[in-house]
Amino acid sequence: MDLSSQNLLEMQRRMLRIRRFDERASKMVKRGQIPGTVHTSIGQEAQVVGACMALGDGDYMSGNHRSHGHPIGKGSPLGPLMAELVGKATGVCQGKGGSLHLADFAVGSLGESGIVGSSIPIATGAALSSKVLGNGKVSLAFFGDGAANQGCLYEAMNISGVWNLPVVFLCENNQYALSTPAHTVTSGVIADRAAGFGMPGVRVEDGQDVLAVFEAVTTAVERARRGEGPSLVEVVTYRFNEHSEGLRLGTDYRDAEEKAAWVERDPIVLFRRHLEREGIATAEELDALEAEVLAEVDEAVRFTDESPYPDPSVAFKDLYTEPIGAIA
Amino acid sequence: MTVMSYLGAIGAAQREAMEADERVVIIGEDVEANVYGTTGAGKSRKDKGDFLEMFGANRIRNTPISEEVIVGAAIGAAMTGLRPIVDLSYSSFLYMAMDQFVNQAAKNRYMFGGQASIPVVFRSAMFYGLNTGAHHSDRPYPMFMNVPGLKIIVPSNPYDAKGLLRTAVDSDDPVLTFEACLLWGSKGEVPEEEYKIPFGQANVARTGDDVTVVAISSAVPEALAAAETLAGEGVSVEVIDPRTLVPFDTEAVIRSVQRTGRLVIADPAHRTCSAAAEISAIVAEEAFESLRAPIMRVTTPDTQIPFSPALEKQLYPNRTKIEDAVRRVTGLMANTLNTELTSPAPRM
Ligand SMILES: Cc1ncc(C[n+]2csc(CCOP(=O)(O)OP(=O)(O)O)c2C)c(N)n1
Ligand SMILES: [Mg+2]
């Protein structure tokens, strides 16, 4: 894989952005500064960023409830994302979506879905439009190991196979769907399911290695861009935090030793070591990068704090393109 | 009597039903780990009273996230000898299995000439009012009221939650129960001994003479609070909780309206084709002569649910809106267009 030092540092920057943003969001939801609940991507940064950076700026993606990492990984600025989590008027969805439903069309983020599996057909449809319009864009659907058991995934894989659509199905296998271990509800191996649809299916066993993810997804994206159709990429990873923060669901379904072993394999620490070892950046440069990202998150929070809440009338806006009369 | 939370009452009903009949099984996502707190004594797996320990993995069925087959397989199992309780967690996820609800659960017994019965209960909770945004905040019971063949219950307190759920498990027809997450923590007295509440019998939650307020689900405590305030203004409000929407206790509502001559309906669903719309139509048809003022609906306006705390809460029926509606039908307040009650911005 031909990656400039600049690209490699950008990977680390985006992973750090996700980590620091989500750490802050996690704190804020516990303090009641963010309403509702948040699902963090802490621990899964390599899987998210490796996939996002394999896409071009104009490419599309759709995601799920574990939602902040995807737009951040695709390059979305942090201020409007944080403002959205708090429900401010300057939020990326004007405060209408919240953590579960981020979308930043400016970076090709077509929307995160609170309904598990529900956004997979949306990415498939974006690939259809790319194909019909001939604009060369590729589309990627992020979904979890849990979502891999929703029927619509297989309907999407089938139709994108027969229509030869430029789409990548990206399964974030963090080994649990809420409290449920993937192996107890998944028949066979997710990546192997691709064979049934006549498309390539690969499993990235070390999803904590951002370059391994990048390489596998790049292969799939290039294939799609060449007009050779869809692929399925399964990435094995682990979420470090609770399924969802702010909800206070039961929590003792994961083994402490298992968790500790994965926390050891922190993707950001691993990649920092790689960057230093390969002489791509010095420790001082990487420290400076971390400080820059922290400042970015502080700035996003400041932006959020200074932003107004939306006017109550906004609750009735954007239901239709043209208002259809009094809302009863 | 013992004091129980709404959520605890559901757990207790499930335990009793499991103990009473071994054909009862629980099927759903994360039921094994008791994530939502209704398949064990507490929210932790280690808490005593864990259903998996009590009833075993053959009867406590943790599922993949595959709502369509969860619902469909429960229907098939019910047609052939089981009495499943399906836990769908959030009511918004029912849509994933719409075909199975509408085309299989509701139609099979009818279409096949009564050859099968379908004794299955579908539990779900409406998580509105908690800033979870449009994908988790639905109150979809009216959609299912439009599907003949399904029974629909909307318990508003721990006593009803327990008693109605026991009856639901006994029902030989499919029952959908819509729990209100806002009420999960609410506490109330529940008998120590087993009891069941028949379907189609409304509860008169407060008696009164001037206005009938029919309130649904989490609107019931709001209506009771409104009635208390209005009593201070000399208005006597009767609050009726239908408890089950299908079957619906038409008689209880008609009897009340014949006495009060005024009807307000508080319903957290969207306004168009809401339960309130149906109840209004019934009363307009059957008690028109008794009405001394137009019927008023207090509902959620026909917009999707926004996330921001600045936008969400005021959309739902609350005590203030119910009070205002009562003041209007009693002439204490000018009776202008209904829309003003529910929409701060009637035209956009
Ligand atoms: C259709 C649907 N069913 C159930 C849920 C509740 N739920 C939210 S996230 C989740 C687990 C999802 O697991 P997975 O797809 O592996 O994603 P992860 O959370 O592990 O990233 C569940 C069951 C939902 N949001 N939508
Ligand atoms: Mg998962």
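Protein chains get the first letters and strands the later ones, always in sequence-line order, with residue 1 at the start of each. Please read all numbers here as calculations on a predicted model, not as lab measurements. Just so it is clear, the values below take in all heavy atoms, side chains as well, and ignore hydrogens, waters and symmetry mates.
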| task | Answer yes or no: is there a side-chain heavy-atom contact under 4.5 Å between A:Leu178 and B:Val35? | result | yes
| said: Would you compute the distance between atom CZ of B:Phe127 and atom OG1 of A:Thr37 and round it to the nearest 0.5 angstrom? | reply: 10.5 Å
| request: Keeping to residues at least two apart or across chains, list the salt bridge (charged side-chain N to carboxylate O under 4.0 Å, His left out) pairs with something in residues 127-142 of chain B. | output: none
| Is there side-chain contact between B:Ile65 and A:Gln150, with at least one heavy-atom pair below 4.5 Å? | yes
| note | Value for CD (A:Gln94) from OG (B:Ser308), rounded to nearest 0.5 Å, stands at 11.0 Å
| request: Calculate, to the nearest 0.5 Å, the distance between atoms CZ and CG belonging to B:Phe307 and A:Leu102 respectively. | output: 9.5 Å
| For A:Ala83, all residues meeting side chain to side chain contact (heavy atoms under 4.5 Å, CB included), sequence neighbours excluded | A:Lys88, A:Thr90, A:Phe303, A:Thr304
| query | How about B:Leu311 and A:Pro310: do any of their side-chain heavy atoms sit closer than 4.5 Å? | reply | yes
| task | Rounded to the nearest 0.5 Å, what's the gap from CG on B:Asp30 to OH on A:Tyr176? Could you check? | result | 12.0 Å
| query | Could you state the interatomic distance from CG (A:Asn149) to CD (B:Glu68), rounded to the nearest 0.5 Å? | reply | 13.5 Å
| field | Side chain to side chain, B:His136 and A:Leu100, heavy atoms closer than 4.5 Å | value | yes
| query | Listed by residue number, which members of residues 111-126 of chain A have a heavy atom under 4.5 Å from any heavy atom of chain B? | reply | A:Ser113, A:Gly114, A:Ile115, A:Val116
| B:Tyr95 versus chain A, the contacting section by heavy-atom distance below 4.5 Å | neither
| Can you tell me how far CG of B:Asn62 sits from OG of A:Ser179, rounded to the nearest 0.5 angstrom? | 5.5 Å
| request: Check whether any side-chain heavy atom of A:Thr180 lies under 4.5 Å from a side-chain heavy atom of B:Glu29, and answer yes or no. | output: no
| Heavy-atom contact with chain B under 4.5 Å, split by part of A:Asp311 | backbone
| field | Residues which pass side chain to side chain contact (heavy atoms under 4.5 Å, CB included) with B:Gln104, listed by chain and number, not counting sequence neighbours | value | B:Ile75, B:Gln100, B:Asn108
| request: Provide the closest heavy-atom pair for B:Leu315 versus A:Ala315 in the form atom of the first, atom of the second, distance. | output: CD2-CB, 4.2 Å
| Which atoms of B:Glu312 come close to chain A, meaning under 4.5 Å heavy atom to heavy atom: side chain ones, backbone ones, both, or neither? | neither
| query | For the residue pair B:His135 and A:His101, does the interplanar ring angle fall in the parallel (under 30°), tilted (30 to 60°) or perpendicular (over 60°) class? | reply | perpendicular
